[in-house]
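Side chains included, hydrogens not; waters and symmetry mates left out as well; all remaining heavy atoms used.
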Amino acid sequence: MRATRPALFDSLPARPIAAVLAACGVLAGVYVGQGGLDTVVGCGIAQDAYASQTASDWVANADHVVVATPTSEKEVNREDLTEGTVQYTADRQVSFRTDKVVWSAGSPRRAMGDGFDMTAPGWRVYKSGTRVKRTAAAAPRLEPDHTYVLALRWVDDAWVVLGEGAAVPFDDGVAGQGEWCGRVLSKDDVRLGERFSRKDDNRLEKAVWGQGEEAISEALRSVKKS
């Protein structure tokens, strides 16, 4: 999953938890450059490659929904810069352990194995030696020592998440608890963010926040029955 670079800036991040992060001073350090918005410490404007907000979106667009834990990471796609204070930028190749397959499409594009790799936002490294996290728009960074529920699709010989709504923090088996946008949040932090949510918000991650794997599985099974 690469950091998205949307061309338009006329919408707010989709997740209301962004309001909590803003209150904590997390939404800061935004760098705007050629091609759009590149978040540094904080979150950018959400943009889905595939619809990812609802249980129906996941069932329609994903090959598998998994509980997965990153086990290692390495820098890839390094880009050295000759001007300015930044020495280079890089993505991360993150290796995941597949803890459990929660749901699979009837005819997935590719079978899910015991583990898989994905490209995730990496680092901005300054000439001073300072390393700053880069983050995807309104989404987890996908860091080791945390667990996630991911709605995955096989695209161009690689696994990708559907969009910003398809990567849910899942530390200790609790939806909405864990790493989000480079910071660690509790389910209570997320619940506070829901005060800013739209009344007609029917995102899957909102429906299952604070619950376990069975709530996610049931939501996906319900779509198949409808």
Can you name the salt bridge (Lys or Arg N to Asp or Glu O under 4.0 Å) partners of Lys127, sequence neighbours left out?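 Applying salt bridge (Lys or Arg N to Asp or Glu O under 4.0 Å) to Lys127 gives none.
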
Considering all heavy atoms of both residues, which atom of [X] and which atom of [Y] are nearest to each other, and what is their separation?
{"X": "Ser52", "Y": "Trp58", "value": "O-NE1, 2.8 Å"}
{"X": "His146", "Y": "Pro70", "value": "O-CD, 3.1 Å"}
{"X": "Tyr148", "Y": "Pro140", "value": "CE2-CB, 3.5 Å"}

With Glu143 as reference, evaluate Arg183, Arg92, Lys133 under the salt bridge (charged side-chain N to carboxylate O under 4.0 Å, His left out) test and give the passing residue.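 Passing option: Lys133.
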
Rounded to the nearest 0.5 Å, how far apart are [atom1] of [X] and [atom2] of [Y]?
{"X": "Met118", "Y": "Trp159", "atom1": "CE", "atom2": "CH2", "result": "10.5 Å"}
{"X": "Trp209", "Y": "Leu204", "atom1": "CH2", "atom2": "CG", "result": "10.5 Å"}
{"X": "Leu220", "Y": "Glu218", "atom1": "CG", "atom2": "CD", "result": "9.5 Å"}

Exam field: side chain [X] to backbone [Y], donor-acceptor pair closer than 3.5 Å:
{"X": "Arg141", "Y": "Arg134", "answer": "yes"}
{"X": "Asn61", "Y": "Ala51", "answer": "yes"}
{"X": "Glu179", "Y": "Leu142", "answer": "yes"}
{"X": "Asp171", "Y": "Thr147", "answer": "yes"}

Just to verify, what does Lys100 make a side chain to side chain donor-acceptor pair (under 3.5 Å) with, not counting sequence neighbours?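 Lys100 satisfies side chain to side chain donor-acceptor pair (under 3.5 Å) with Glu213 once adjacent residues are dropped.
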
Between [X] and [Y], is there shared hydrophobic-cluster membership here, with clusters defined by ILVMFWY side-chain heavy atoms closer than 4.5 Å?
{"X": "Val160", "Y": "Trp103", "result": "yes"}
{"X": "Leu152", "Y": "Trp154", "result": "yes"}
{"X": "Val59", "Y": "Ile216", "result": "yes"}
{"X": "Leu81", "Y": "Tyr126", "result": "yes"}
{"X": "Val155", "Y": "Leu162", "result": "yes"}

Qualifying residues under ring pair (Phe, Tyr, Trp, His ring centres under 6.0 Å), relative to Phe96, sequence neighbours excluded: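 Phe96 satisfies ring pair (Phe, Tyr, Trp, His ring centres under 6.0 Å) with Phe116 only.
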
Would Thr71 and Ser95 count as having a side-chain donor-acceptor pair, cut-off 3.5 Å?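 There is no such pair between these side chains.
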
Which residues satisfy the side-chain contact (heavy atoms from CB on, under 4.5 Å) test with Val101, sequence neighbours excluded?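 side-chain contact (heavy atoms from CB on, under 4.5 Å) list for Val101, sorted by chain: His64, Val66, Thr98, Ser104, Met112.
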
Which residues share a side-chain contact (heavy atoms from CB on, under 4.5 Å) with Ala215, sequence neighbours left out: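 Partners of Ala215 by the side-chain contact (heavy atoms from CB on, under 4.5 Å) criterion, ordered by chain and then number, come out as Val208, Gln211.
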
Is there any salt bridge (charged side-chain N to carboxylate O under 4.0 Å, His left out) pair reaching into residues 102-121, and which pairs are they, with sequence neighbours excluded?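 Found Asp63-Arg109.
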
